[in-house]
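Taking it in order: structure first as structure tokens, then the write-up.
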Amino acid sequence: MIRARTERRRIFSNAMFALCAACAGVIVALLLAVSGYLVWIGAGSINAAFFTQIPTGDLNDPGGMRHAIEGTIILLGLASVVGIPLGVSAGVYLSEYQHEWLFAGPLRFIADVLTGVPSIVVGILGYELVVVPVAKMTSNSVSFSGYAGAAALAFIMIPIVARTTEEMLRLVPKSYREGSLALGASKAQTVLRVVLPTAFGSISTGVVLALARVAGETAPLLFTALGSRLLTRNPSEPFPSLTLQIYTYATGPYPEQKKLAWAGILVLLAMLFLVNIAIRLVATRHASTRLGKA
Amino acid sequence: MTATMTQLRPDIALRAPAPAARGASAVTYPIIDAIKRGETPEPRVHASVIDETPILHVRDFQLWYGPSKALHGISMPIAKDKVTALIGPSGCGKSTLLRSVNRLNDLIEGVHIAGAIELNGESVYAKGVDVIGLRRRLGMVFQKPNPFPMSIFENVVYSLRISGERNKSVLSAACEKALRQAALWDEVKDRLKSSAMGLSGGQQQRLCIARAIVSEPEVLLLDEPCSALDPIATLRIEELIHEISERYTVLIVTHNMQQAARVSDYTAFMYLGRLVEYGRTADLFQIPQLRETEDYVTGRFG
């Protein structure tokens, strides 16, 4: 009787394990299939010209995506310059100063809602709040610009960075804060010298995740940066980005351009991959100097 | 090490519990019973305490956590350049009292107080008191070692850095001095730049003591500094407390009666937020005036 029961449990346990393993296998297989397909289809179009040339206008030899790669990097840089400090500061406020002021609760709620706002909404907001007013002020007919695009991306980044920062700061032990305050540090000194550095690694990982999220966004840029076929580094003009260029090529009818779109996707993923690895290295090194073995 | 410990206070030997010949059930504690009824009986403060020059003076101090009252009219002077221990069962308010001195209770929501605590005659809770400046005059060490996740050097000089000290040689000299006083210098002098998190628990706690004394505080507050440590590390900290008590006033909260007997000059016995008896450690442990104190320090109640 007892033996039968243990036997039944053993079988059940094995079955559940097999089920979980199978599900994990399916996920991994899907992931491998997608990236494999991407490499297979995109790698062929990646060559020196892809990184050095800009669109030629020739449908059979459409050139490269240098403008779009540079554009994406500049857009992300601009968005980070605004989005990271604002987001981290808001996170610090939510985590460290919530008892001193009344706005923390509503602010957290708004941040949560904003995190879930569809990105096309952000694009239209950027159009209505940046592009149109700027056009009116400068009496141009249109004023799509890299700045508007970066603003839209920053708008998406801020709530994500803020909430991640808040969560990571909450993981910093209270004893650090008490220790610092008991030594006569002000709250600001405590936050800047002890709390933030302690959470540096996890906050930077969160920031990179936010960057990765906006790097793949197309919709917010459609109505703001618009995209461009030119190699421009002036963000006050219509601005190119990888995602916009991929969108244009992928929705178009020309096979050579479609190939470029696949290559663009591959390059975008590779860029995110590299940034992820880089920040991981930085964060672990940071952690090992601060927390590591003596 | 053990030998030196027994030499610390040769005058105090813990009394073994007397045989319960009198019958445990017959023993009554009128003061404890009164406290349990919510009264605040007059504490028994020995004359020896009053004769000392106080550095801290607690005057009719009361504290509430929201609606519940944690300290009931505590009045006690703390002797300058001496070690004073606060003992009593869990929840008697000894840590609360300690954290009231540097106003660390301000961080807890819903705390309010009445009465006064004076540091060298200045009221700690007066309006317009610079709390940060006050905390710089007091050092504190917590129950659990809490070194910051930075290098040993940066940990020690933290309080100097936040006061704006930038001079490298000043910082190094202060660091060495504090680490020597904390009896940690020889163990860490070759790895000041490595992380403090790699130290053992006892070393971390001595580091925290070094960090607390680097700015030469007027009073050193120790909140059960050994409760998270093993017996060997505890002995080292106790020796250390004994050594630094030559330079600093120490106020220590402890759960451990033996520890209070070993390290302190004065002991205050607290119960449910009231001061019960306060006097020389030797007197309190050997000839206490109250039956309650005698039975608590010998472990027969509490």
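These figures come from a predicted structure and were not determined experimentally.
Considering only heavy atoms from C-beta on, S175(A) stays 4.5 Å or farther from F142(B) through its side chain. Between L183(A) and R136(B) there is no side-chain heavy-atom pair separated by less than 4.5 Å. Side-chain contact between T198(A) and M150(B): absent, with no pair of heavy atoms (C-beta onward) separated by less than 4.5 Å. No side-chain heavy atom of M140(B) sits under 4.5 Å from any side-chain heavy atom of E178(A).
Contacts of P147(B) with chain A are made by backbone atoms alone, with heavy-atom separations under 4.5 Å and no side-chain atom involved. In this structure, the portion of L138(B) lying under 4.5 Å from any heavy atom of chain A is its backbone and not its side chain. When heavy atoms are compared at a cutoff of 4.5 Å, R161(B) approaches chain A by way of both its backbone and its side chain.
F148(B) and G179(A) make their closest contact through CZ-C, 3.8 Å (heavy atoms, listed as atom of the first residue, atom of the second, distance). Nearest approach of I162(B) to R193(A), heavy atoms of both residues: CG2-CD, 3.7 Å. In terms of heavy-atom proximity, I132(B) sits nearest to A185(A) at CG1-O, 4.2 Å. Closest approach of P149(B) and Y176(A) over heavy atoms only: CD-CE1, 3.3 Å.
Considering only heavy-atom pairs separated by less than 4.5 Å from chain A, the leading option among K144(B), Q143(B), R211(B), E154(B) is R211(B).
No more than 12 heavy atoms of other residues, nucleotides or ligands sit less than 6.0 Å from atom CZ of F273(A). Summarising the local packing, CZ of F155(A) is surrounded by 12 or fewer heavy atoms from other residues, nucleotides or ligands at distances under 6.0 Å. Residue-environment remark: CZ (R280(A)) stays at or below the threshold of 12 foreign heavy atoms within 6.0 Å.
With values rounded to the nearest 0.5 angstrom, S163(B) atom OG is found 7.5 Å from Q189(A) atom CD. Taking CZ of R177(A) as the start and CG of N146(B) as the end, the distance is 12.5 Å to the nearest 0.5 Å.
Residues in residues 68-79 of chain A take part in these side chain to side chain donor-acceptor pair (under 3.5 Å) pairs, two or more places apart or across chains: R66(A)-E70(A), E70(A)-R233(A).
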